[in-house]
There are 2 protein chains.
Amino acid sequence: MEQAPPRPYHHGDLRRALIETALTLLAEEQGWQFTLREVARRVGVSHAAPYKHFPDKGALLAALAVQGFEQLGRELRAAGEPPSRSVLAAFRAAASAYMQFGLRNPALYRLMFSAEAGDAASVHASERVLQTLGVLVDLLARGQQAGVFRRRPVQAQVAACWAQMHGLTLLAIEGLLLPQKVGAKPLEAALATLLEGLQAPPP
Amino acid sequence: MEQAPPRPYHHGDLRRALIETALTLLAEEQGWQFTLREVARRVGVSHAAPYKHFPDKGALLAALAVQGFEQLGRELRAAGEPPSRSVLAAFRAAASAYMQFGLRNPALYRLMFSAEAGDAASVHASERVLQTLGVLVDLLARGQQAGVFRRRPVQAQVAACWAQMHGLTLLAIEGLLLPQKVGAKPLEAALATLLEGLQAPPP
DNA sequence: ACCTGAACACCGTTCAAGT
DNA sequence: ACCTGAACACCGTTCAAGT
């Protein structure tokens, strides 16, 4: 007798199916308030099955957050690793990619930084983020050497940039940066203010 | 017969008691995941009683958020309304007060900007915030006239400042701005970067 | 090894009924 | 007017038992 292909019960990889369905629900429900039972239902599996792959709901959420950081890291590198552009252009591109990731995946972005979602999510956030922001660190260092950025401790500069992008992204997600209230192009304008703080004054 | 004093059932103002107990729980649980039933239990009332004062849990959370915005507004005004200081000093004080409010009330601060907590919370956030940030608008306008700030659209500047403070506050709350990772005094350093972007260069 | 079904201790919310 | 008690339809999580 031939061995049946090792497709365990349903589709061979429940873990991945759970993560993908959870990502869908995260986007649909605009948050991590979706239920584990609903995830199981959609995947077509009993509500107890997920517990064979994740110790609890928080662990599943943490897995989503990790995916988010990896994706964001990829997009930042794609935007910031310069194919012969100026440091400034690369920096702008990276900052823009960061904010657009947040706007395209609002619920995921919030989850990535949400201590409320069971802590697990943000436990490793710290390390993941600093990896993710490596592109910015490089650009700031190069920009300082090229004389386009003020000479300041890079760690402090990257913290300021990160905070600015994080704040803008979240405010934009919540719809609090509406053009009527805050000027025509809030994201661009805020980025310009940030750059004025980073750029070295002409000698 | 004397009328008994109109203390309805328990302490005369269940609504306020619910809000105050909920604020305590919000701080204790580090988030709005506390249960309405637990609030009722602590107040000493049946779990159905809150529904006579709030249509649902989201409405109670919204009331907490409103309280938060009012408190933040008061603290900003106290810090920023200048008893004869320089615009720059007043601005620093206001920014610092903003971030310290967030660090002192992390769960409340998150709730105030949390669309997940039933939307109701952030529905009015937008208007409340712009009121709250009025102090900054004034300071930026005065600073521009005094020549200490770059002449830029004030709405764009205030958006940039707000985003910076919001981002710093949230990152600090999540513990992602640890000095080891990001330099000695991340908040001060980021504020300095912000100010370099706002301040007019010497002529 | 991987999944199911029943069960436990909870929720948020509703509603008739009490004082 | 303000609150209670029982009830409904859910959760997250556990665990013996199935294949």
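Note on naming: letters A, B, ... go to the chains in the order of the sequence lines (proteins, then strands), and numbering restarts at 1 for each one. Computed from a predicted model, the values in this text were never measured in an experiment.
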Using Watson-Crick and G-U wobble pairs with both distances under 3.5 Å, what is the 5'-to-3' dot-bracket string of DNA chain D, with [ ] for crossing pairs and | for pairs outside the strand? ||.|||||...|||||.||

Distance-only side-chain donor-acceptor flag, B:Q71 / B:Q67, under 3.5 Å: no

Relative to each other, are the rings of B:F113 and B:W162 parallel, tilted or perpendicular (30° and 60° limits)? tilted

Are the charged groups of B:R42 and B:E20 less than 4.0 angstrom apart, N to O? no

C:dC3 phosphate, OP1 or OP2: any side-chain N/O from A:H53 under 4.0 angstrom? yes

Angle class for the A:F101/A:Y109 ring planes (parallel below 30°, perpendicular above 60°, tilted otherwise)? perpendicular

Distance in angstrom units between A:K52 NZ and D:dG18 P, rounded: 15 Å

When you compare the protein's N or O atoms with those of nucleotides 8-14 of chain D, which come within less than 3.5 Å of each other, and at what distance?
{"from": "D:dC11", "atom 1": "OP1", "to": "A:R41", "atom 2": "NH2", "distance (Å)": "3.4"}
{"from": "D:dC11", "atom 1": "OP2", "to": "A:R41", "atom 2": "NH2", "distance (Å)": "3.0"}
{"from": "D:dG12", "atom 1": "OP1", "to": "A:L36", "atom 2": "N", "distance (Å)": "2.9"}
{"from": "D:dG12", "atom 1": "OP2", "to": "A:L36", "atom 2": "N", "distance (Å)": "3.3"}
{"from": "D:dG12", "atom 1": "OP2", "to": "A:R37", "atom 2": "N", "distance (Å)": "3.2"}
{"from": "D:dG12", "atom 1": "N7", "to": "A:R37", "atom 2": "NH1", "distance (Å)": "2.3"}
{"from": "D:dG12", "atom 1": "O6", "to": "A:R37", "atom 2": "NH1", "distance (Å)": "3.0"}
{"from": "D:dT13", "atom 1": "OP2", "to": "A:Y51", "atom 2": "OH", "distance (Å)": "2.7"}
{"from": "D:dT13", "atom 1": "OP2", "to": "A:K57", "atom 2": "N", "distance (Å)": "3.1"}
{"from": "D:dT13", "atom 1": "O5'", "to": "A:Y51", "atom 2": "OH", "distance (Å)": "3.2"}
{"from": "D:dT13", "atom 1": "O4", "to": "A:R37", "atom 2": "NH1", "distance (Å)": "3.3"}
{"from": "D:dT13", "atom 1": "O4", "to": "A:H47", "atom 2": "NE2", "distance (Å)": "3.4"}

Do the ring planes of A:F149 and A:F91 sit parallel (below 30°), tilted (30 to 60°) or perpendicular (above 60°)? perpendicular

Check side chain to side chain donor-acceptor pair (under 3.5 Å) between B:R15 and all other residues, then give those that pass, not counting sequence neighbours. none

Exercise: identify the closest heavy-atom pair between B:A172 and B:L103: CB-CD2, 3.7 Å

Round to a whole Å and report the spacing from CG of B:L18 to C1' of D:dC2. 13 Å

Distance-only, no hydrogens or angles: does the A:N105 side chain make a donor-acceptor pair with backbone N or O of A:L108 under 3.5 Å? no

